[in-house]
Protein chains: 2
Amino acid sequence: MSRRVSESTIRRLSYYLRALEALEGSGAATVSSEELAERGGTTAAQVRKDLSQFGSFGKRGLGYAVKELECTLRRILGLHVRWRVALVGAGRIGSALFEYPNFAQRGFDCVAVLDADPAKVGSRWGPILIRPVSELERTVRELEADLVILAVPPEAAQDLAERAVGAGARGILNFAAVQLRVPRGIPVKDVNLVFEMEALSFAITQADSHA
Amino acid sequence: MSRRVSESTIRRLSYYLRALEALEGSGAATVSSEELAERGGTTAAQVRKDLSQFGSFGKRGLGYAVKELECTLRRILGLHVRWRVALVGAGRIGSALFEYPNFAQRGFDCVAVLDADPAKVGSRWGPILIRPVSELERTVRELEADLVILAVPPEAAQDLAERAVGAGARGILNFAAVQLRVPRGIPVKDVNLVFEMEALSFAITQADSHA
DNA sequence: TCCTGTGAAACGGTTCACAGCC
DNA sequence: GGCTGTGAACCGTTTCACAGGA
């Protein structure tokens, strides 16, 4: 239960969980690694390897119990508790995230929104009052935010990350196009749409020059 | 020049490019693999390996010429041409993307926006008229969109992807939480914020249970 | 028979270490 | 001396193939 688990495994676990949720809706009680693989975009052997890192959840000859496995995956991913999220940056991306219904549905509660723009500070997003970024530390500490989302310009990201972690944040979702340096043990996930677009651009260009 | 290049290499190339852009601003003419590694969050050896897959761009004893390497990377990534993008889904995420200034700056021009909601169809986003999704094929074909961004509910994504590709789209940026099945040779990049958040949740939970 | 769980083999990516050029 | 370019070693991940339980 305490081995090193790869990033790719974790991503696939999320896919499996989505697949199981869909399956439960359709009433299936049991599912094979084959079917899970199909929906998760991988292979049956990979599904079994992934799951076997955490235990033996299937029945040979039968497959996996949908509801049970779903529950197990939630627990493995740490989704049996709710997470408190502070959103830094009330711009376009911030507001899209804030209104994203799946977010709360999946166990992530936005408990605070902060912004550097004095024009935004003090206004409300639903029940949430927008605070100045100067209050980042206090906000994280007092509201006990576990996770911080940085939807800010790249110049500001490093400083805000350090302050957030100093105040007790335990993980960061980073939308800024910089490689953040944070203390060991603080996970950082980067989301960068330009990078993804550039990867598409590369793949297409490559395919062309190869043809 | 025609080897199989890994996803991780491409992602790092994007980071290197950002680093070079920043360096150019600061006036440095030359840069070592060491420094590039620092900014890209990797190692010097990795930088050299990554670059060596495409040619020899450095001078031994000296390093890499900033401007030249920047230009080379742009060309490798296929960013020497502009890309035509059709955005499907004019919701929160769609609008955030649409207004994202870096997007156009990096060579991606949004040439069309489509939505399934009749209330949105016909309204304007700046110069762009929102079209009904029923016109997806015609839009992609007539406006010669290379890339399609799917910011739509998961149920709709697979169908739209197939239709977009059928009409000539060459790559897809997918915000829906489903594994799209597309013809061989069509790159798909998935962006899923919930997955990233779940990865954070997992990492923190894991760290706790390990302590 | 069916399908899981898992060692072993194959593969691919990263790190090392050094030869080669400035 | 400094720093790149690169084969070789290393290491983690995926695939294979099959033993074993339902």
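Order of the sequence lines sets the chain letters (A, B, ...), proteins ahead of strands, with each chain counted from 1.
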For [X] and [N], give me the distance from atom [atom1] to atom [atom2], rounded to whole Å.
X	N	atom1	atom2	answer
A:Ile10	D:dG12	CD1	C1'	14 Å
B:Gln53	C:dG13	CD	P	8 Å
A:Asp50	D:dT15	CG	C1'	13 Å
B:Glu34	D:dG1	CD	C1'	16 Å
A:Leu62	C:dG5	CG	P	11 Å
A:Leu36	C:dT4	CG	C1'	13 Å
A:Lys59	D:dG21	NZ	P	14 Å
A:Phe54	C:dG5	CZ	P	14 Å

For atom [atom1] of [X], decide whether the heavy atoms of other residues, nucleotides or ligands shown that lie under 6.0 angstrom number more than 12.
X	atom1	result
B:Glu21	CD	yes
A:Glu162	CD	yes
A:Glu135	CD	yes

Reckon [X] has a side-chain N or O less than 4.0 Å from the OP1 or OP2 of [N]?
X	N	answer
B:Tyr64	D:dG5	yes
A:Ser56	C:dT4	no
A:Arg12	D:dT14	yes

Given [options], identify the nucleotide with an atom nearest to the side chain of [X].
X	options	value
B:Gln46	C:dT15, D:dG2, C:dT6	C:dT15
B:Ser52	D:dC16, C:dA19, D:dT6	D:dT6
A:Ser33	C:dT4, C:dT15, D:dG5	C:dT4
A:Ala45	D:dG20, D:dC16, D:dT4	D:dC16
A:Ser6	D:dT4, D:dT13, C:dT14	D:dT13
A:Arg60	C:dT4, D:dC3, D:dT14	C:dT4
B:Arg48	C:dA17, C:dC3, C:dA19	C:dA17

Please list, for nucleotides 8-11 of chain D, all pairs of protein and nucleotide N/O atoms separated by less than 3.5 Å.
unit_1: D:dA8; atom_1: N6; unit_2: B:Lys49; atom_2: NZ; d: 3.3

Query - A:Phe103 vs A:Phe98, ring pair (Phe, Tyr, Trp, His ring centres under 6.0 Å): CA-CA, chis, key distance, verdict - result: CA-CA 8 Å; A:Phe103 233 69; A:Phe98 187 80; 9.7 Å; no
Using side-chain heavy atoms (C-beta onward) and a distance below 4.5 Å, is [X] in contact with [Y]?
X	Y	result
B:Thr72	B:Phe54	no
A:Leu200	B:Ile172	no
B:Tyr15	A:Val178	no

Report task. Please tell me which of B:Thr42 and A:Leu51 maps to the more 5' nucleotide of DNA chain C, matching each residue to the nucleotide holding its nearest heavy atom. Result -> A:Leu51
Requested in this report: Indicate, with a heavy-atom threshold strictly under 4.0 Å, whether A:Thr9 touches base, sugar-phosphate, or nothing.
Outcome: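 The answer is nothing, as A:Thr9 stays clear of every strand by at least 4.0 Å.
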Report task. Select from A:Gly61 and A:Thr43 the residue whose nearest nucleotide in DNA chain D is closer to the 5' end of that strand. Result -> A:Thr43
**Report entry** Closest non-hydrogen atom pair, B:Ala22 against B:Arg39
**Finding:** CB-NH1, 4.0 Å
